[in-house]
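Report on one structure; see the data block that follows.
Numbering of ligands and ligand atoms starts at 1, following listing order. The chain is numbered in sequence order, starting from 1. The analysis underlying the following values was restricted to heavy atoms, covering all of them including side chains, and did not include hydrogens, waters or symmetry mates.
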Amino acid sequence: MDDDALIAEAKRVLKLNDLGGWTRPTATLYPHQWLWDSCFTAIGLRQYDVRRAQQEIRTLLEGQWKNGMVPFIRFSDATTYHAGPELWRSDVSPDCPPDVRTTGVSQPPMITEAVVQIGAKLAPAKRLAWYREMYPALARYHEWWYRDRDLERSGLVTVVHSWETGLDNNPAWMEILHRHALSPKLRTLDKSKTLIKLLEMRRRDTSVVPAKQRMSTLDLMAFYDQVRSLRRMRYDDARIMRRHKLLIKDLVINSVLIHATHLLGGIADEIGEKLPPHTAQARTRGADVLERLWHEEDGVYYNLDTRTGQLVRVLCHASIIPLYAGTLPEARVQALLRHVHDPEEFATPYPMASAPLNSSYFNPQRYWQGPSWMMTNWLLWQGYLRNGCDEEAETLRRASLRMIRDNGMHEYYSPIDGKPAGAPDFAFSAALALDMLAAERRIAS
Ligand code: DGY
């Protein structure tokens, strides 16, 4: 695909998934509105239709809970999704909005970045109006993270489900899940090939995408289990922080939140608002809080399991994402680049492998255990730029576009040969390809 064909194809995919004011990630597998997918979609849309990009964020915020949490899915009426409203039953919480069905946990808080990226496309007066409109919801969302998910006031928020990280079955989380959070029933199930086969046949997601490209059946059952556990606690964060098995200081959420809080501070200054107390405190702490997640010997960041107080020493691309936070000391940046350039780890022809090549988890086509994804590529692209790694940024941008040009807009790709996997006609892949292309040419409306 040349540039013009890429632009036309990306717009086609975005139009195909536009359900009038909000965008589903893709028709078959994900027929609802996802938090970070919509933010990435808006970041691409702003390149040729700012109003539509604004609308994407407005509809997303319709799902916001009374306590400020923005759930990671705002459900539509579609009935085909495998983990739909009947699993989540968000109305068990008094915080859930009365007329919208949602999940009960959030996702990497990309909304603030999307609001600012859209703002950059608006004339100054319109930008101020946009910021004023968005600020109350954003401030409530940030405050929820810091107030309810960081009870020990460490500056690092706690994540309670791997779906919340956006990187679903990534190796680092699966290690924790298997070690600490498999119920006795699931441990038994793990031993029975026949039962697993039976459950596999009932999976809705694998009727659309080959099973070997999705998460394992055991992991999926464990994800459902964790949702039921959170649901039994009525998604009440105070109870969850006391009783839940998975309480993780997660790298992706914290890196995104640190940068988002920096951006929110800028918005507040620009429109003359005062940040709410916990968010204001977090703003002053900056990214040195990430030091708690640094592993000196391995020269890399890891998730922290608050139940054991230990770093989870499993490498995946989440370990490199702190570059996105934008405030790492130079020595940390250089240490992360060593992993990026290591041919046994992340130096693959198509960046950025979601698991390193030498990991026992690595599989080039299995969901978050090897493939390259446009959304994490975009985060790393921004992270490289923010840290002065211009060469890495440009290499990643060009390779990402090559992957799209050669294969179209899929959910994810093999980092070895760029071959597509997962669902086709994927909105965020289309949107982020446009955004990356816009670095070198204008995208006409
Ligand atoms: C899924 O259903 O696999 C989703 O990734 C959850 O967000």
Side-chain angles (χ1 to χ4, degrees), residues 17 22-41 60 63 69-76 78-90 101-111 159-174 177 199-200 202-228 230-231 235 246 250 252-253 256 316-318 354-355 363 365-376 410-413 421-429:
N17 291 310
W22 65 275
T23 309
R24 67 185 173 204
T26 187
T28 48
L29 207 50
Y30 306 114
H32 308 286
Q33 185 174 24
W34 262 257
L35 191 162
W36 78 334
D37 290 67
S38 263
C39 294
F40 289 120
T41 294
L60 183 64
M69 194 268 286
V70 182
F72 83 89
I73 306 177
R74 192 180 67 90
F75 289 114
S76 68
T79 53
T80 49
Y81 179 56
H82 70 99
E86 63 293 341
L87 170 70
W88 287 91
R89 296 220 316 263
S90 49
R101 292 178 310 165
T102 74
T103 56
V105 298
S106 195
Q107 225 178 14
M110 286 301 297
I111 312 177
V159 175
V160 300
H161 196 297
S162 61
W163 272 338
E164 194 161 47
T165 72
L167 313 187
D168 300 15
N169 63 331
N170 72 86
W173 266 79
M174 290 313 90
L177 187 75
L199 286 169
E200 211 154 273
R202 296 180 57 192
R203 279 176 67 168
R204 288 195 198 164
D205 57 333
T206 49
S207 65
V208 183
V209 167
K212 63 179 189 323
Q213 295 181 14
R214 294 284 293 169
M215 69 207 90
S216 73
T217 297
L218 179 73
D219 289 348
L220 185 60
M221 295 305 132
F223 289 171
Y224 293 160
D225 244 26
Q226 292 301 312
V227 171
R228 289 188 204 101
L230 296 167
R231 190 179 76 197
Y235 306 111
L246 291 173
D250 174 77
V252 178
I253 296 247
V256 170
C316 69
H317 69 340
S354 38
N363 175 334
Q365 296 211 308
R366 193 188 272 283
Y367 213 37
W368 288 99
Q369 300 187 347
S372 157
W373 291 70
M374 282 300 278
M375 49 185 23
T376 37
H410 281 260
E411 190 177 1
Y412 41 92
Y413 303 82
D425 288 338
F426 226 86
F428 73 72
S429 295

>> Heavy-atom count check: over 12 atoms from other residues, nucleotides or ligands less than 6.0 Å from Arg203 CZ?
In response: yes
> Side chains of Pro108 and Leu167: does their closest heavy-atom pair fall under 4.5 Å?
Replying inline: no
> Is Arg24 close enough and on-axis enough to Tyr30, meaning under 6.0 Å and within 45°, for cation-pi?
Replying inline: no
>> Working to the nearest 0.5 angstrom, can you tell me the gap between Gln213 CD and Tyr412 OH?
In response: 5.0 Å
>> Classify the ring geometry of Trp373 against Phe428: parallel below 30°, tilted from 30° to 60°, perpendicular beyond 60°.
In response: parallel
>> Within this structure, what is the CZ-OG1 distance for the pair Arg231 and Thr103, rounded to the nearest 0.5 Å?
In response: 13.5 Å
As a test of reading the model: which N/O atoms of the protein lie under 3.5 Å from N/O atoms of ligand 1, and at what distance?
from     : atom 1 : to     : atom 2 : distance (Å)
ligand 1 : 2 (O)  : Tyr81  : OH     : 2.5
ligand 1 : 2 (O)  : His82  : NE2    : 2.6
ligand 1 : 3 (O)  : Asp168 : OD2    : 3.4
ligand 1 : 3 (O)  : Arg214 : NH2    : 3.1
ligand 1 : 3 (O)  : Tyr367 : OH     : 2.8
ligand 1 : 5 (O)  : Asp168 : OD2    : 2.5
ligand 1 : 5 (O)  : Tyr367 : OH     : 2.8
ligand 1 : 7 (O)  : Trp34  : NE1    : 3.0

